[in-house]
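Here the structure comes first, spelled out in structure tokens, and everything after it is commentary.
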Amino acid sequence: IPADKNFKPYSDYIGSHLEVMDVATGKRKILHSAPNSLQAPNWTPDNKRLIYNSDGLLYFYDLTTGAISKLNTGAINDNNNDHVLSFDGKMLGISNHLGNKSTIYTLPATGSDAPTKINEEASGPS
């Protein structure tokens, strides 16, 4: 669907899809659609889930069941699309907005009430 004539990037949204593609065949499949912005999906190392950002929160998408679950990041709830899983999939690095700065936190990939802050706000953006 084409964007409206008065469309304003990063404030207006036309919706998002979580989508996978078979690289060998080029066949694409939409897994989930939403009216808002879904950002930066990453595969978990076990290839069972995607983790993505939406409206400052992080979510898991289960590739087998299609279930979506919110990842607990405690009070750190203005996350941007800069997140990364450790190679073993056990830890997650996230970037949270504090004022005009982004601050880096780490937490277990299963979630945490108290992520660990890695850098001071003054050293941001992350």
Side-chain angles (χ1 to χ4, degrees):
I1 300 172
D4 185 69
K5 180 180 171 182
N6 298 318
F7 180 79
K8 295 178 190 83
Y10 298 102
S11 64
D12 296 335
Y13 289 99
I14 57 175
S16 298
H17 298 304
L18 282 180
E19 183 174 0
V20 292
M21 181 180 79
D22 182 317
V23 179
T25 65
K27 184 177 178 182
R28 297 164 38 177
K29 178 182 177 185
I30 295 173
L31 303 173
H32 175 67
S33 297
N36 58 336
S37 178
L38 307 177
Q39 303 174 342
N42 289 279
W43 292 89
T44 56
D46 62 8
N47 292 320
K48 293 181 179 179
R49 300 183 295 176
L50 298 173
I51 183 171
Y52 66 94
N53 173 285
S54 184
D55 295 329
L57 302 174
L58 294 170
Y59 295 89
F60 284 116
Y61 178 89
D62 186 295
L63 290 158
T64 302
T65 66
I68 295 171
S69 57
K70 182 177 161 276
L71 176 70
N72 177 21
T73 57
I76 309 307
N77 58 12
D78 193 13
N79 297 294
N80 58 41
N81 62 359
D82 297 329
H83 53 268
V84 62
L85 282 159
S86 61
F87 290 115
D88 63 6
K90 293 181 181 178
M91 295 296 293
L92 182 65
I94 60 177
S95 180
N96 184 73
H97 292 290
L98 291 175
N100 285 337
K101 305 287 185 177
S102 293
T103 304
I104 301 170
Y105 292 82
T106 59
L107 64 152
T110 55
S112 172
D113 287 329
T116 302
K117 184 165 56 169
I118 299 301
N119 68 313
E120 294 302 319
E121 294 88 358
S123 66
S126 61

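The figures that follow rest on heavy atoms only: side chains count, while hydrogens, waters and symmetry mates do not. All figures in this text were calculated on a predicted structure; none of them were measured in a lab.
Looking only at side-chain heavy atoms (C-beta outward), Thr73 and Tyr105 stay at 4.5 Å or farther from each other. Between Leu92 and Ile51 the shortest side-chain heavy-atom distance falls below 4.5 Å. Leu38 has its side chain within reach of Asn36: a pair of non-hydrogen atoms, C-beta onward, lies under 4.5 Å apart. No side-chain heavy atom of Val84 sits under 4.5 Å from any side-chain heavy atom of Asn42. Side-chain contact between Glu19 and Ile30 is present, with heavy atoms from C-beta onward closer than 4.5 Å.
Panel note: side chain Asn53, backbone Leu58; no donor-acceptor pair is recorded below 3.5 Å. Remark: the backbone N or O of Leu31 is paired with a side-chain donor or acceptor of Tyr61 at under 3.5 angstrom. When atom types are taken as modelled, the side chain of Asn119 and the backbone of Ile104 share a donor-acceptor pair closer than 3.5 angstrom.
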>> Would His97 and Asn80 count as a side chain to side chain contact (heavy atoms under 4.5 Å, CB included) here? Give the steps.
In response: CA-CA 7 Å; His97 292 290; Asn80 58 41; 3.4 Å; yes
>> Checking Ser102 against Asp82 for the side chain to side chain contact (heavy atoms under 4.5 Å, CB included) test, could you report, in this order, the C-alpha distance in whole Å, the side-chain angles of both residues, the deciding distance, and whether it holds?
In response: CA-CA 9 Å; Ser102 293; Asp82 297 329; 5.7 Å; no
> Could you go step by step and tell me if Asp113 and Asn72 meet the side chain to side chain donor-acceptor pair (under 3.5 Å) rule?
Replying inline: CA-CA 6 Å; Asp113 287 329; Asn72 177 21; 2.7 Å; yes
>> Please evaluate residues Leu71 and Tyr59 with respect to the criterion side chain to side chain contact (heavy atoms under 4.5 Å, CB included), reporting the C-alpha separation (whole Å), side-chain torsions for both, the decisive distance (0.1 Å), and the verdict.
In response: CA-CA 5 Å; Leu71 176 70; Tyr59 295 89; over 6 Å; no
